[in-house]
Amino acid sequence: MKIRMSMFAAAVAASGLFVSSAHAQFGDAPAELELRQVQDDLYVIYNDFVPGNVTVLITDEGLLLVDNKYEIDYDNIVAQLATVTDQPIRYVVNTHYHGDHSGGNASMQAVNAEVFAADNARVKMVEIGQPGLPNVTIDDHVRIYVGGKAVDLYQFGRAHTDGDVVVLFPEHGVLAAGDMFTYGENVPQLIDYSGGGSARAWPGTLDSVLQLDFDTVVPGHGDVTTREEMSNYRDETARLASLVREMNGQGRSRDEIEAALRAEFNWADLHVQLGLDGLIAEMR
Ligand SMILES: [Zn+2]
């Protein structure tokens, strides 16, 4: 069973499968990217839906990127950066192991960037044979100084996976959240049980994140938004877990629980594939 789950996770990361096979596959073609300024020296490289957002801090000692989409998006990321800076990519942080957030690691390491990720994210990348393994792993907190600017990396606990890092830009009051917070109706909570995700732990992990000092959030997917929206998402995540606990208690079937999650939380096939059985078992 463990091997089967790992192989599925490998397929997600390697093939770029992020949505159901009933939909178009992602990662087969470059996404259409859009560079958006968040504050003077802080940008997001946005695209619709998948892959994930890239957050960019520009300094006169190089760039720090949070996440880097799929490998196939590398050239377009570099082209977007070139419209606002000639600085090299110096640091990359992976918010977690999924290929739509860490697929550019090898290309960025080839131009001398150092990649940071959670211990567990790197373990997962080794397990699934992902190229571009992180150079530095973090447990709970690391502060990087680049060009005189501070960047804080935190790992608080399980949520989307068991190796989720959030990145705080303390001087900006901006948080890059990774997939611990996704924003928009088409990107509901994805609980990757094969990657150590946990619906039970997720709200508490977000409570810890919400102790940090920020107003603006770059979600893993979706438009840049506010702390308040992240707080709402925390409550929705708790509601999702409670609903499944309640339905388990009522002896409802797997099909009934799946139907409720699709109707109430807009779950798609991938959410069911990665999350449903683990969620039912966890909320028993
Ligand atoms: Zn993810």
Side-chain angles (χ1 to χ4, degrees), residues 34-47 51-59 61-69 84-85 90-96 98 101-102 115-118 121 136 138-184 187-190 197 201-238:
E34 190 188 322
L35 187 72
R36 297 178 174 180
Q37 192 172 31
V38 181
Q39 284 179 23
D40 1 308
D41 53 358
L42 197 62
Y43 290 80
V44 170
I45 305 177
Y46 173 88
N47 53 265
N53 287 320
V54 176
T55 306
V56 182
L57 177 70
I58 299 177
T59 85
E61 291 177 4
L63 310 177
L64 180 143
L65 269 57
V66 182
D67 290 337
N68 52 25
K69 305 190 191 281
V84 286
T85 180
R90 186 154 167 210
Y91 297 111
V92 172
V93 181
N94 296 149
T95 56
H96 60 294
H98 287 157
H101 295 258
S102 61
V115 178
F116 287 66
V136 184
I138 79 153
D139 184 0
D140 50 1
H141 174 232
V142 161
R143 173 169 278 190
I144 301 173
Y145 289 97
V146 53
K149 298 168 186 176
V151 183
D152 287 311
L153 284 53
Y154 293 96
Q155 186 185 198
F156 288 113
R158 295 167 70 196
H160 174 63
T161 70
D162 65 3
D164 295 337
V165 167
V166 296
V167 181
L168 179 69
F169 299 91
E171 290 136 32
H172 303 76
V174 174
L175 182 86
D179 286 358
M180 191 186 297
F181 172 49
T182 50
Y183 183 56
V187 282
Q189 288 82 351
L190 178 69
W202 197 327
T205 301
L206 282 173
D207 285 336
S208 300
V209 175
L210 286 159
Q211 301 282 318
L212 300 173
D213 188 13
F214 61 91
D215 307 309
T216 302
V217 188
V218 181
H221 300 260
D223 290 329
V224 174
T225 183
T226 60
R227 158 189 285 272
E228 191 186 356
E229 290 294 348
M230 187 184 218
S231 180
N232 294 340
Y233 182 93
R234 179 251 172 245
D235 294 346
E236 278 294 283
T237 309

### Task
Output yes when a side-chain donor or acceptor of T182 lies under 3.5 Å from a complementary backbone atom of V187, and no otherwise.
yes
### Query
Is there side-chain contact between D213 and P170, with heavy atoms separated by less than 4.5 Å?
no
### Task
Answer yes or no: is there a donor N or O on one side and an acceptor on the other, between the side chain of R227 and the main chain of L210, under 3.5 Å?
yes
#### Entry: Heavy-atom closest contact (L57 atom, F169 atom, distance)
CB-CE2, 3.9 Å
### Task
Indicate whether the side chain of D164 and that of T161 have a donor and an acceptor atom separated by less than 3.5 Å.
yes
### Task
Could you tell me whether a side-chain N or O of N68 sits under 3.5 Å from a main-chain N or O of V54, the two making a donor and an acceptor?
no
### Task
Quick one: pull up CG in D223 and OH in Y46 and give me the separation to the nearest 0.5 Å.
4.5 Å
### CG on L212 to CG on L168, rounded to 0.5 Å
5.5 Å
### Query
For the residue pair V217 and A177, what are the closest heavy atoms and their distance?
CG1-CB, 3.9 Å
### Query
Okay, side chain of E229, backbone of N232: is any donor-acceptor separation there less than 3.5 Å?
no
## Note on the structure
On a heavy-atom basis, the closest approach of Q189 and Y233 is CG-OH, 3.4 Å
### Task
Find out whether N47 and K69 are in side-chain contact, i.e. whether some heavy atom of one side chain is under 4.5 Å from a heavy atom of the other.
yes
### Query
What are the two closest heavy atoms between A150 and Y145, and how far apart are they?
CB-CE2, 3.8 Å
### Query
How many angstroms lie between CZ in F181 and OG1 in T225, if you round to the nearest 0.5 Å?
5.5 Å
### Summary
Correct closest heavy-atom pair for A121 and G163 would be CB-O, 3.8 Å
### Query
Does any N or O in the side chain of R143 come within less than 3.5 Å of the main-chain N or O of V151, such that one atom is a donor and the other an acceptor?
no
### Query
Can you list the steps and then say if K149 with L64 is a side chain to side chain contact (heavy atoms under 4.5 Å, CB included)?
CA-CA 10 Å; K149 298 168 186 176; L64 180 143; over 6 Å; no
### Query
Has the side chain of Q155 got a donor or acceptor atom that lies under 3.5 Å from a matching backbone atom of D139?
yes
### Query
Should T59 and R90 be marked as a side chain to side chain contact (heavy atoms under 4.5 Å, CB included) after you check the CA-CA gap, both sets of side-chain angles, and the distance that decides it?
CA-CA 10 Å; T59 85; R90 186 154 167 210; over 6 Å; no
### Message
Quick check for you: to the nearest 0.5 Å, what is the distance between L153 atom CG and I144 atom CD1?
### Response
5.0 Å
#### Entry: CZ on R36 to OG1 on T55, rounded to 0.5 Å
12.5 Å
### Message
Using only atom types and a distance under 3.5 Å, with no angle test, would you say the side chain of H160 pairs donor to acceptor with the backbone of L190?
### Response
yes
### Query
Do you know which two heavy atoms are closest between Y43 and I58, and how far apart they sit?
CE1-CD1, 3.6 Å
### Task
Quick one: do N94 and V165 satisfy side chain to side chain contact (heavy atoms under 4.5 Å, CB included)? Show the steps, please.
CA-CA 7 Å; N94 296 149; V165 167; over 6 Å; no
### Query
Going from CG on D67 to NE2 on H98, what distance comes out if it is rounded to the nearest 0.5 angstrom?
11.5 Å
### Task
Kindly assign one of parallel, tilted or perpendicular to the pair F156 and Y154, based on the angle between their ring planes and the thresholds 30° and 60°.
parallel
#### Entry: Aromatic ring pairing H101/H96, orientation class (parallel under 30°, perpendicular over 60°, tilted between)
tilted
### Task
Give me the one residue out of D41, T216, D215 that meets side chain to side chain donor-acceptor pair (under 3.5 Å) with H172.
D41
